[in-house]
Amino acid sequence: MALTTARTMPGVLELLPLDQIAFQGMLDTVRSNFERFGFLPIETPVMEFADVLLTKSGGETERQVYFVQSTGALEQGDKPELALRFDLTVPLARYVAEHEHSLNFPFRRYQIQRVYRGERAQRGRFREFYQCDVDVIGKDSLSVRYDAEIPATIYGVFRDLAIGPFTIQLNNRRLMRGWFEGLGIADGDRQMAVLREVDKLDKRGLDHVRETLTGAAFGLSTEAVDRILAFVQVRSTSLADALEKLDALGSGSETFEQGRNELRDVLGLIKAFGVPESHFALNLSIARGLDYYTGTVYETTLNDHPQIGSICSGGRYENLAGNYTKSSLPGVGISIGATRLYWQLREAGLIGTATSTVQALVTQMDEAQLPVYLALATELRQAGINTEAVMESSKLGKQFKYADKAGIRFVLVLGDNEIANGTVTVKDLRRENQFEVARTDLARTLRAELEQGAGTGVRA
RNA sequence: GUGGGCGUAGCUCAGUUGGUUAGAGUCCCGGAUUGUGAUUCCGGAUGUCGGGGGUUCGAGUCCCCUCGCUCACCCCA
């Protein structure tokens, strides 16, 4: 019989158990921080009705959507009725509109699930990936103060992930649009186009952006472009510096002043939330490509690994669910692309080898003593230690090799001597030492050892 | 969706101006006398040379087509 090649589609990340443990450790850190800040969990279906998912989308989104069709509909040649979600924000909008009358506002939710995009595979880009989202949705209005709570949450996440120094960079869409208005770029679509272009500043460089803006596609004057470039190059080094640089921009349109006031409030509150000044900064080139953002926008980068780019981004939007309800539902939120983040951290060598979730292996010296081994394993499990017992007899060396490869830290040997003495021999494969303890003290001893070296599993 | 690069063991690759039975390292499996892994030594398994066609006495190598992967753009986590 011809064999089928075992393979997965490009753009998916499938991990071996030890890597999966590291990845899940990362998600646990994200989740616990989201919960610590008082966000509530929800999950939504992977599939949604296509018309619900694609309401506001232009051609770009639709191009990246996977449609889903039942066999029956496929045979009849119908248009697909269902599609896979491509982010968690659109399903959130649908969720809030659908359950509006049962929800408590401001609605603070977090959601950690996979999303799907039909992209051509590329380094660090996935077709199936995890997003970790937090959003706050208000009914009719939502204070700009929430715009500061989001970065505070994000600070907690990346601090606990311990992946090195990072900076949460902030900007405000109103401030940008107001600045462009002052230069005579009044049309909304045109403002968006300029905005998307300056967003590339950090990636493409000053000259490239200048060339594009003065070029035929935009046709802006050299003076206007110089003013834009001066604006988007603003970066801050501390809170006082940020406020000073905002003042130094001079006065502007009503939109501009509104944006500036929002930014001032947000920056001040981020500090009040306890985020160190070294970890947040003004970056007036941050724009975000998505057009639904209206005010504050965020991007987070690792200081020592700028090539990785943004590892977490989001912002403020008015009218989240305008396509589904007449209610006004403003919100602010952010998303961590966990799959890409994990993949890039691994590429950069920032993730060490995880230890197994299995903490102890009970070896088998003598098949006849199997009940003794199983009783020992049960004892340890009852003491909260994840334990595996060797079920098939083999050479002890082979059993050690198995434990080593599996990343199991403690190997327990129970032979005639130990049984006679009421002891257990423990080999700690991580510390590379061996000791013998009374069986009655075993669980306590292992617990103490394990707690000593407790970590997130993501540390290098 | 648009443009460039690359396809040889599971992985990283070598393979001369076309010339016998296609190699190395790594990984995997087994062994090196009594109850100890990761080091060392010995042995073993593994390939429609991406696929199809053409040129030739002879193609991994040259030509054409095709498929796959990958990088950049677009967009984005």
Side-chain angles (χ1 to χ4, degrees), chain A residues 2-3 5-11 13 16 30 57-65 85-89 111-133 154 192-193 196-197 199-200 203-204 208 212 287-293 298-301 308-315 333-345 353 361 363-366 369 390 393-419 424-436:
Chain A
L3 296 173
T5 308
R7 66 200 196 281
T8 52
M9 59 179 254
L13 185 67
L16 293 173
V30 173
S57 69
E60 192 52 49
T61 321
E62 193 155 349
R63 215 184 74 197
Q64 297 198 334
V65 166
R85 60 174 173 220
F86 51 85
D87 72 4
L88 298 178
T89 307
Q111 189 170 356
I112 300 176
Q113 289 193 274
R114 289 198 254 214
V115 303
Y116 299 84
R117 288 188 196 172
E119 303 202 59
R120 276 180 73 159
Q122 225 172 100
R123 257 180 106 67
R125 316 194 70 178
F126 295 90
R127 287 170 158 176
E128 175 185 70
F129 60 97
Y130 272 91
Q131 284 198 327
C132 311
D133 279 33
I154 289 309
M192 267 309 298
R196 264 197 287 268
E197 194 52 39
D199 193 41
K200 295 172 186 166
K203 198 178 165 193
R204 295 288 183 70
H208 178 271
T212 311
R288 315 291 311 125
L290 298 173
D291 22 280
Y292 54 75
Y293 293 123
Y298 321 99
E299 269 188 16
T300 304
T301 49
I308 287 180
S310 177
I311 55 176
C312 165
S313 39
I334 205 159
S335 177
I336 302 172
T339 304
R340 178 190 278 185
L341 177 62
Y342 171 81
W343 187 86
Q344 278 172 321
L345 291 175
T353 325
L361 182 73
T363 56
Q364 191 177 128
M365 286 293 306
D366 175 5
Q369 299 291 346
V390 175
S393 56
S394 65
K395 283 191 180 173
L396 198 60
K398 208 171 168 182
Q399 298 179 39
F400 268 84
K401 209 168 184 171
Y402 172 83
D404 181 52
K405 214 173 143 184
I408 302 171
R409 183 171 165 191
F410 295 108
V411 179
L412 310 183
V413 179
L414 199 54
D416 294 341
N417 301 339
E418 287 86 353
I419 292 174
V424 176
T425 294
V426 179
K427 178 140 185 187
D428 183 340
L429 292 188
R430 190 201 286 178
R431 286 208 198 150
E432 303 178 6
N433 67 356
Q434 184 169 318
F435 54 92
E436 198 172 337

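Every value quoted in this text rests on a predicted model; they were computed, and no experiment measured them. Throughout, protein chains are lettered first and strands after them, A, B, ... in sequence-line order, and every chain is numbered starting at 1.
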Among the candidates B:C75, B:A77, B:G35, find the nucleotide nearest to the side-chain atoms of A:Glu418.
B:G35
Hits for ring pair (Phe, Tyr, Trp, His ring centres under 6.0 Å) against A:Tyr342, two or more places apart or cross-chain, chain-then-number order -> A:Phe23
Rounding to an integer number of Å, can you tell me how far A:Tyr293 OH sits from B:A77 C1'?
10 Å
Treating primed atoms plus P, OP1 and OP2 as sugar-phosphate and everything else as base, which nucleotides of nucleotides 37-43 of chain B get B, S or - for protein heavy atoms under 4.0 Å?
BB-----
Of all heavy-atom pairs linking A:Phe400 and A:Lys427, the shortest is CE2-CD, 3.7 Å
Report the residue (A:Cys312 or A:His208) whose heavy-atom-nearest nucleotide on RNA chain B is the more 5′ of the two.
A:His208
Classify A:Asn417 by what it touches in the nucleic acid, base, sugar-phosphate, or nothing, heavy-atom distance under 4.0 Å.
base
Nearest whole Å is fine: how far is B:C75 P from A:Phe86 CZ?
16 Å
Check whether any side-chain N or O of A:Lys200 sits under 4.0 Å from OP1 or OP2 of B:C73, and answer yes or no.
no
Keeping A:Gln399 on the side-chain end and A:Ser394 on the backbone end, is there a donor-acceptor pair under 3.5 Å?
yes
At less than 3.5 Å, do the side-chain atoms of A:Gln434 and the base atoms of B:U36 form a donor-acceptor pair?
yes
Taking any heavy-atom pair under 4.0 Å as a contact, classify A:Phe126: base, sugar-phosphate, or nothing.
base
Between B:U61 and B:G19, how many Å separate the two P atoms, rounded to a whole number?
11 Å
C1' gap between B:C6 and B:U66, integer Å:
16 Å
What integer number of Å spans the C1' atoms of B:A77 and B:A38?
37 Å
How far, in whole Å, is B:U8 from B:G15 if one measures between their P atoms?
14 Å
How would you list, by chain and number, every residue that makes a side chain to side chain contact (heavy atoms under 4.5 Å, CB included) with A:Ala403, sequence neighbours excluded?
A:Leu361, A:Ile408, A:Val411, A:Leu429
Between B:G7 and B:G50, how many Å separate the two C1' atoms, rounded to a whole number?
6 Å
Is it the case that the base of B:A77 and the side chain of A:Arg125 share a donor-acceptor contact (distance under 3.5 Å, atom types as modelled)?
no
Roughly how far apart, to the nearest Å, are B:G23 and B:A9 at atom P?
14 Å
By the 4.0 Å heavy-atom rule, please label A:Gln364 as base, sugar-phosphate, or nothing.
nothing
P gap between B:G35 and B:G31, integer Å:
14 Å
Just how far, in rounded Å, is C1' of B:C75 from CZ of A:Arg196?
9 Å
A:Glu128 atom CD is separated from B:A77 atom P, nearest whole Å, by 17 Å
Those residues at least two apart in sequence (or on a different chain) that pass side chain to side chain contact (heavy atoms under 4.5 Å, CB included) with A:Lys200 are A:Glu197, A:Arg204
A:Asp366 CG: over 12 foreign heavy atoms closer than 6.0 Å
yes
Any donor-acceptor N/O pair, A:Arg85 side chain to A:Val115 backbone, under 3.5 Å
no
Can any side-chain N or O of A:Glu299 pair as donor or acceptor with the backbone N or O of A:Ser310 at less than 3.5 Å?
no
Spacing of A:Gln131 atom CD relative to B:C76 atom C1', expressed in whole Å
9 Å
Please check if the side chain of A:Ser335 supplies one atom and the backbone of A:Asp133 the other of a donor-acceptor pair under 3.5 Å.
no
Each base of RNA chain B marked ( ) or [ ] if paired in-strand (Watson-Crick or G-U under 3.5 Å), | if paired to another strand and . if unpaired gives (((((((..((((.....[...)))).(((((.......))))).....(((((..]....))))))))))))....
Nearest whole angstrom, please: distance from the P of B:A77 to the CD1 of A:Ile112.
17 Å
Measure from CD on A:Glu197 to P on B:C73 and round the result to the nearest Å.
12 Å
Would you please name every residue forming a ring pair (Phe, Tyr, Trp, His ring centres under 6.0 Å) with A:Phe410, sequence neighbours left out?
none
Would you mind reading off the distance between A:Asp199 atom CG and B:C74 atom P, rounded to a whole angstrom?
11 Å
Between B:G25 and B:G43 - P atom distance, rounded Å:
11 Å
Mind checking A:Thr363 for me? I need base, sugar-phosphate or nothing, with any heavy atom below 4.0 Å counting as a touch.
nothing
Main-chain N/O of A:Tyr298 paired to A:Ser313 side chain as donor or acceptor, under 3.5 Å
no
